Amino acid sequence: MPDRPRLTPAIADVRRATRGALDGLPADALVLVGLSGGPDSLALAAALAFEAPRAGLRAGAVIVDHGLQSGSADVAARAARQAAGLGLSPVLVERVSVGARGSGAHGGGPHGSGANGGPEAAARAARYAALERAASELDASAVLLAHTLDDQAETVLLGLARGSGAASLQGMAAERAMQTANGSFLRPLLGIRRTTTVQACADAGLEPWTDPHNADPGFARVRVRQAVLPVLEAELGPGVAEALARTAEQLREDTSALDSFAEEVVEDLAEHSEAGIALPADALAANPPALRQRIIRLAVSAEFGVALTRAQTLDVARLVTDWHGQDGVDLPGVRVVRRGGRLQFEARGTDGNA
């Protein structure tokens with residue numbers, strides 16, 4: 001049995017947050033923690049090792065070796081030993097190959113913003129795929145991720161800088177279903193500051209790994225962490241990170257409500273045909289813009305599996321709000337025309353014809 005550290009405020013805060021995330025999981029379920037060896041995930045791993053048995057759950061760990069840094073295999077092996085030392089079992093090391101570096105905007109730095117492309121995005125995609133694969137292989141009910149309140153604040157600021165709307169400003173969800181496995185990703189530490197996880201590791205006698213990428217100003221997120229947030233705190237006063245995290249939570253609640261309304265409207269109004277789907281223009285016009293745009297995006301996504309940009313969504317909306325007999329709108333794999341008082345969404349063939 002691993003030694004039990006004395007209970008300190010930092011350890012108590014991380015354990016309490018972890019305990020809340022475990023509520024509702026089925027008895028004897030396996031819960032994994034995504035462990036890098038850094039202070040956030042190491043503090044979370046220690047909390048899970050303590051809380052899971054008391055909740056009637058089993059606890060293990062997954063370490064993802066991206067192979068992007070010299071000595072990454074040694075770092076992964078060290079994290080695996082720490083997990084085993086905490087009493088976590090099974091402990092799995094997943095080695096991944098990070099392929100394409102992405103083709104999105106690079107956010108003014110050589111490494112990109114980590115949002116639309118670049119090595120951060122490629123590494124993140126590989127990491128989540130590995131975590132889902134491990135969850136599926138081990139039949140885990142959940143994988144805990146160690147994103148903190150600071151990570152959430154940084155995500156909101158990056159989304160604000162990109163101008164990408166509520167989808168980015170609402171930050172990371174505390175719970176998200178996996179795409180290829182039956183479990184969920186859980187983020188228990190979104191209300192916990194990074195200073196708390198660092199202190200929790202120190203109080204528990206755990207030695208976290210320091211990722212050199214977390215100090216590399218070539219990454220936009222690091223610049224936000226090292227320069228932007230400190231300036232905002234200095235000029236506006238303390239509590240900026242907490243305020244950004246609260247804003248994300250409020251936006252997530254509002255977005256969830258609007259998405260639910262949009263689903264109900266589409267279900268009521270949509271007319272399905274062999275060619276696609278139709279929505280009555282008058283009914284769309286009667287809805288406020290925020291709901292109308294959601295209805296359009298949802299209809300295209302649900303029927304054709306296409307995610308629309310804001311510009312594409314507004315082009316379609318103008319067939320409702322600025323109708324003067326214009327031609328239809330061509331979207332990826334979809335053509336939208338106004339015909340007989342309805343917006344007709346029709347699949348386009350490879351030759352571009354509906």
Side-chain angles (χ1 to χ4, degrees), residues 100 102-105 115-117 121 124-125 128-129 132 155 159-160 162-173 175-180 248 251-354:
S103 58
N116 300 319
R124 183 171 57 248
Y128 277 96
E132 291 204 14
T155 299
L160 183 63
R162 291 193 301 269
S164 47
S168 287
L169 295 182
Q170 66 185 338
M172 296 173 284
E175 180 175 357
R176 178 172 71 79
M178 297 182 190
Q179 296 179 343
T180 60
L251 274 170
R252 185 167 294 280
E253 292 171 354
D254 292 348
T255 297
S256 177
L258 285 169
D259 287 346
S260 294
F261 291 150
E263 289 173 6
E264 292 176 6
V265 172
V266 169
E267 201 170 299
D268 289 342
L269 299 180
E271 300 174 12
H272 294 271
S273 68
E274 212 173 296
I277 190 173
L279 295 170
D282 288 348
L284 286 172
N287 282 289
L291 191 54
R292 180 166 55 245
Q293 267 94 261
R294 273 178 168 77
I295 293 168
I296 291 169
R297 286 197 299 269
L298 177 62
V300 173
S301 174
E303 187 71 17
F304 305 101
V306 174
L308 299 184
T309 65
R310 177 167 174 80
Q312 290 167 336
T313 305
L314 292 178
D315 284 343
V316 175
R318 276 189 280 274
L319 297 176
V320 175
T321 61
D322 188 27
W323 173 245
H324 48 270
Q326 67 265 40
D327 289 338
V329 176
D330 288 323
L331 305 170
V334 185
R335 179 166 175 78
V336 189
V337 296
R338 179 161 172 165
R339 187 184 302 128
R342 291 175 173 78
L343 290 197
Q344 302 278 352
F345 298 80
E346 302 169 347
R348 290 194 299 151
T350 54
D351 61 356
N353 296 320

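Since we're looking at a predicted model, the values are computed, not measured. By convention here, the first residue in the shown sequence is residue 1.
Atom CZ of R252 sits about 11.5 Å away from atom CG of D254, to the nearest 0.5 Å. The CG atom of N287 sits 7.5 Å away from the CZ atom of R292 when rounded to the nearest 0.5 Å. Taking CZ of R297 as the start and OG1 of T309 as the end, the distance is 9.5 Å to the nearest 0.5 Å. Atoms CG and CD1, from L284 and I296 in turn, are 6.0 Å apart once rounded to the nearest 0.5 Å. With rounding to the nearest 0.5 Å, the separation of CZ in R335 from CG in D330 is 4.5 Å.
Between the side chain of H272 and the backbone N or O of A270, no donor-acceptor pair lies under 3.5 Å.
Residues passing the salt bridge (charged side-chain N to carboxylate O under 4.0 Å, His left out) test with R294 are D259, sequence neighbours excluded. With sequence neighbours excluded, the residues satisfying side chain to side chain contact (heavy atoms under 4.5 Å, CB included) with L298 are A262, E263, V266.
Contact between F304 and F345 at its shortest, heavy atoms only, is CZ-O, 3.4 Å. The two residues A283 and L269 make their nearest non-hydrogen contact at CB-CD1, 3.5 Å. Nearest approach of Q312 to P332, heavy atoms of both residues: NE2-CD, 3.6 Å. G171 and A248 get closest at one heavy-atom pair: N-CB, 4.2 Å.
More than 12 heavy-atom neighbours from other residues, nucleotides or ligands sit within 6.0 angstrom of CZ on R176.
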Less than 3.5 Å apart, which donor and acceptor atoms pair up between the side chains of residues 336-344 and the rest of the protein, not counting sequence neighbours?
from, atom 1, to, atom 2, distance (Å)
R338, NH1, L319, O, 2.9
R339, NH1, E346, OE2, 3.0
R342, NE, E271, OE1, 2.9
R342, NE, E271, OE2, 3.1
R342, NH2, E271, OE2, 3.2

Test side-chain contact (heavy atoms from CB on, under 4.5 Å) on L308 and L331 and set out the steps. CA-CA 8 Å; L308 299 184; L331 305 170; 3.8 Å; yes
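Side-chain contact of Q293 with T313: a donor-acceptor pair under 3.5 Å is absent, judged by distance alone.
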